[in-house]
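For ligands, and for the atoms within them, numbers begin at 1 and follow the listed sequence. All values reported here derive from a predicted model rather than from experimental measurement.
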Amino acid sequence: MATHLPNTANLHNPIDVIGDAAADRYENSINAVIKDEGVDAILVILTPQSMTNALGTAEAIVRISRRSHKPVVCCFMGIFDVSKGVKCLQENGIPVFKFPENAARSLGALYRYSSWLNRQHMAQFPLKHDTEKAKAIIQSCLDEGRMAVGELQGYELLKCYGFNTMPTKLAKDETEAVTLAEEMGYPVVMKIYSPQILHKSDAGGVIVKLQSADEVRQAYSTIIGNAFSYNPEATIEGVLIQKMAPKGEEVILGANRYPIFGPLIMFGIGGIFVEVFEDVEFRLAPILRNEAHRMISSIKGYKLLKAFRGRPETDIMAIEKCLVSLSDMVMQHPEIAELDINPLRVMAKGEGTAVVDCRIILKDVGDAAPIA
Ligand code: ADP
Ligand code: MG
């Protein structure tokens, strides 16, 4: 290439063919550059001067780019001087812009498009859902006019979609609470069960890590007392006894219906990450594993799920599976208006997840057919 260019020319990226270049300098340079293995694409910028032959240069570009699979994008600056060249490029399907910024942007878009085409397709999960049972649970709630599905039935519904839940039983008095806790094995968690108390902790309605019959008995009366002072009108159905989940990170999964676009899936890290930093990701359902993975990896708190300061990496694949299952669930049951799993406990890699709280709100949609 050096032999075809003046001494003052810059031979490195970006190559400068010097202002007085006629078509041949462009042709020789592009020819040399396009053969270089280190070059993936070419941006030809032509700034018209008295010597410029816009048409001749355009014809050379067309000739060369026909022989190569590498993208060539042009920027012919000026309007009148270069119009013949621009026309020639356009007729031959070569993108041409007036400003280099736009030309560079189009190369950027091309790069993103090719990365997307070449993206890794993760193997899908072999999911088997018990759609019929889920339908029956939803219908029984609708028949009873209960639009907020209780935690107990919520877990049953989630189990139909392969979610792992912790054993949970309803105790109606202290004695029953102790019996159930003994059967389940310690440690247990106890939670107020009332259709009017949706945020149980706010009502002093959750006590974790209970280790003995005495602690359970004590917790029962504390929880009932707290709930009563929080909302004296609330119907208290009893206290849930739930097996304590193993240690892990807490994440949040959610779904609601976005007007016009349909079901929306939400993912975030539990606690202050969602409330203070609003570190959440949304995707329109249906989603498959690739989107689920991207949702998880795009939140800022992703680092907490990877190995971090001596803590083991969490079971990210299991969260992906939960997100895909959640998407299937809302697609198949238009009656689910809102759903929160807050939190989903995520254990170390290979050890799975456990739903330890859920809130599901239904809506009677009549005969609306499921979307998929
Ligand atoms: P709330 O209605 O206040 O959201 P939760 O059922 O989510 O009540 O309980 C509050 C917190 O207690 C949870 O965010 C979680 O950290 C902890 N927790 C609840 N259930 C369990 C459980 N089974 N194992 C371990 N921790 C639990
Ligand atoms: Mg909760």
Side-chain angles (χ1 to χ4, degrees), residues 146-159 163-171 177 180-212 215-216 219-220 222-231 234-256 266-277 279-280 301 304-305 311 314-315 318-319 322 326 338-348 351-361:
R146 268 194 300 129
M147 292 308 167
V149 179
E151 212 171 315
L152 275 176
Q153 265 175 316
Y155 292 136
E156 290 309 308
L157 200 50
L158 287 167
K159 275 197 245 174
F163 284 85
N164 181 43
T165 60
M166 297 311 290
T168 312
K169 295 263 168 67
L170 177 63
L180 292 173
E182 300 269 311
E183 273 170 24
M184 213 172 261
Y186 297 105
V188 297
V189 177
M190 290 172 64
K191 308 182 186 188
I192 189 70
Y193 200 55
S194 159
Q196 286 83 29
I197 304 179
L198 292 179
H199 300 287
K200 303 175 290 290
S201 303
D202 291 355
V206 180
I207 304 183
V208 300
K209 272 195 209 156
L210 299 162
Q211 304 278 9
S212 66
E215 285 181 19
V216 168
Y220 194 95
T222 309
I223 288 174
I224 300 284
N226 288 348
F228 186 73
S229 30
Y230 180 77
N231 181 356
T235 331
I236 291 164
E237 295 181 23
V239 174
L240 293 178
I241 313 291
Q242 186 173 64
K243 184 118 183 105
M244 198 65 199
K247 268 207 168 83
E249 287 296 324
E250 294 192 342
V251 299
I252 301 178
L253 271 55
N256 65 13
M266 185 271 251
F267 174 75
I269 301 249
I272 59 166
F273 288 91
V274 165
E275 286 161 29
V276 182
F277 302 124
D279 186 17
V280 287
L304 292 170
L305 301 175
R311 285 191 296 187
T314 60
D315 204 334
I319 314 176
C322 289
L326 180 63
E338 259 179 68
L339 188 157
D340 277 305
I341 298 173
N342 183 7
L344 175 79
R345 185 67 67 98
V346 192
M347 278 64 88
E351 289 169 23
T353 60
V355 178
V356 296
D357 184 22
C358 68
R359 194 177 61 94
I360 301 174
I361 310 288

Verdict with reasoning, N342 to R359, per side-chain contact (heavy atoms from CB on, under 4.5 Å): CA-CA 8 Å; N342 183 7; R359 194 177 61 94; over 6 Å; no
Nearest-contact summary for atom 1 (P) of ligand 1 - protein heavy atom, Å: D357 OD2, 3.6 Å
Any idea which protein heavy atom is nearest atom 24 (N) of ligand 1, and the distance to it? A245 N, 2.9 Å
Heavy-atom distance to atom 8 (O) of ligand 1: which of R345, Q242, M166, K200 wins? K200
So, is E151 polar-close to ligand 1, with some N/O to N/O distance under 3.5 Å? no
Test item: E215 side-chain N/O and Q211 main-chain N/O as donor-acceptor pair under 3.5 Å: yes
On a heavy-atom basis, I'd like to know which of R359, E250, K247 is closest to atom 15 (C) of ligand 1. E250
Hey, does L198 sit under 4.0 Å from ligand 1 if you only count heavy atoms? yes
Atoms in ligand 1 flagged as close to H199, the criterion being non-hydrogen separation under 4.0 Å: 2 (O)
Give the residue, atom name and distance (to 0.1 Å) of the protein heavy atom nearest atom 3 (O) of ligand 1. S201 OG, 2.6 Å
N342 neighbourhood, listing ligand 1 atoms whose heavy-atom distance to it stays under 4.0 Å: 7 (O)
Near the Mg ion (ligand 2), meaning under 2.8 Å, the protein N/O/S atoms are N342 O, D357 OD2
Of all protein heavy atoms, the one nearest atom 13 (C) of ligand 1 is P343 CD, 3.7 Å
Distance from E151 atom CD to Q242 atom CD, nearest 0.5 Å? 6.0 Å
Among all protein non-hydrogen atoms, which one is nearest to atom 20 (N) of ligand 1, and what is the separation to 0.1 Å? K191 NZ, 3.0 Å
Could any protein non-hydrogen atom be found less than 4.0 Å from atom 11 (C) of ligand 1? no
Just to confirm my output: which protein heavy-atom neighbour is closest to atom 18 (N) of ligand 1, and how far is it? V208 CG1, 4.1 Å
Within the distance-only criterion (no hydrogens, no angle test), does the side chain of K243 pair as donor or acceptor with the backbone N or O of G185 below 3.5 angstrom? yes
